[in-house]
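Following: one structure in structure tokens, then a few remarks.
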Amino acid sequence: MADMGHGLADGHVAFLYRPDISAADLDALRAVITEVPGGVTVAGPVSNQKSAVMAVTEEKTLTCGAVDTKALTSFTTTWLDSVRG
């Protein structure tokens, strides 16, 4: 997470996920990440994370018990719209 701090300060979104999520969930998460306009996301597994995935910004965090592509996309889009003005 420390490596992602600079990106968060620049308005990016970090997607943190448990390394044991299913291949299908990882594919769904990759689709969300790669479809973000402007490519302003970073992602990585977190071994001690309890939730399936977290979307983290400098000011807000979305925690999902399962990979919820609609919630992740909405959170990311709303955040990026707010920082782009």
Side-chain angles (χ1 to χ4, degrees):
M1 183 68 184
D3 293 340
M4 296 181 185
H6 182 76
L8 295 179
D10 287 341
H12 296 203
V13 179
F15 291 91
L16 309 175
Y17 58 90
R18 280 195 335 251
D20 65 345
I21 64 173
S22 71
D25 281 346
L26 188 54
D27 287 344
L29 181 57
R30 281 186 183 130
V32 170
I33 294 166
T34 58
E35 291 173 9
V36 172
V40 289
T41 60
V42 292
V46 178
S47 60
N48 61 348
Q49 183 166 300
K50 292 185 174 154
S51 58
V53 64
M54 294 171 56
V56 181
T57 70
E58 186 175 33
E59 297 176 7
K60 299 180 181 199
T61 300
L62 172 68
T63 302
C64 299
V67 176
D68 182 339
T69 58
K70 285 185 179 186
L72 292 165
T73 299
S74 176
F75 177 85
T76 303
T77 302
T78 300
W79 171 254
L80 293 174
D81 287 349
S82 75
V83 295
R84 289 179 182 159

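These numbers come from a predicted model, not from an experiment. By convention here, the first residue in the shown sequence is residue 1. Side-chain atoms are counted along with the backbone in the values below, which use heavy atoms only and exclude waters and symmetry mates.
- Ile21 and Ala52 get closest at one heavy-atom pair: CG2-O, 3.8 Å.
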Can I get a per-line list of side-chain donor-acceptor pairs under 3.5 Å for residues 60-67, giving both atom names and the distance, sequence neighbours left out?
none

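- In this structure Glu35 satisfies the side chain to side chain contact (heavy atoms under 4.5 Å, CB included) test together with Ala31, sequence neighbours excluded.
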Evaluate the side-chain contact (heavy atoms from CB on, under 4.5 Å) criterion for residues Leu16 and Val56: first the C-alpha distance (whole Å), next the side-chain angles of each, then the deciding distance (0.1 Å), finally the verdict.
-> CA-CA 8 Å; Leu16 309 175; Val56 181; 4.0 Å; yes
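- For Thr77, the side chain to side chain contact (heavy atoms under 4.5 Å, CB included) criterion is met by Thr73, Asp81, not counting sequence neighbours.
- Within the model, atoms CH2 of Trp79 and NE2 of His12 stand 11.5 Å from one another, a figure rounded to the nearest 0.5 Å.
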Please report the C-alpha distance between Tyr17 and Leu29 in whole Å, then the side-chain angles of each, then the deciding distance to 0.1 Å, and finally whether the side-chain contact (heavy atoms from CB on, under 4.5 Å) criterion is met.
-> CA-CA 9 Å; Tyr17 58 90; Leu29 181 57; 3.6 Å; yes
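- Residue pairs meeting the salt bridge (charged side-chain N to carboxylate O under 4.0 Å, His left out) criterion with at least one partner in residues 16-28, sequence neighbours excluded, are Arg18-Asp20, Asp27-Arg30.
- Between Phe15 atom CZ and Met54 atom CE the span is 12.0 Å, to the nearest 0.5 Å.
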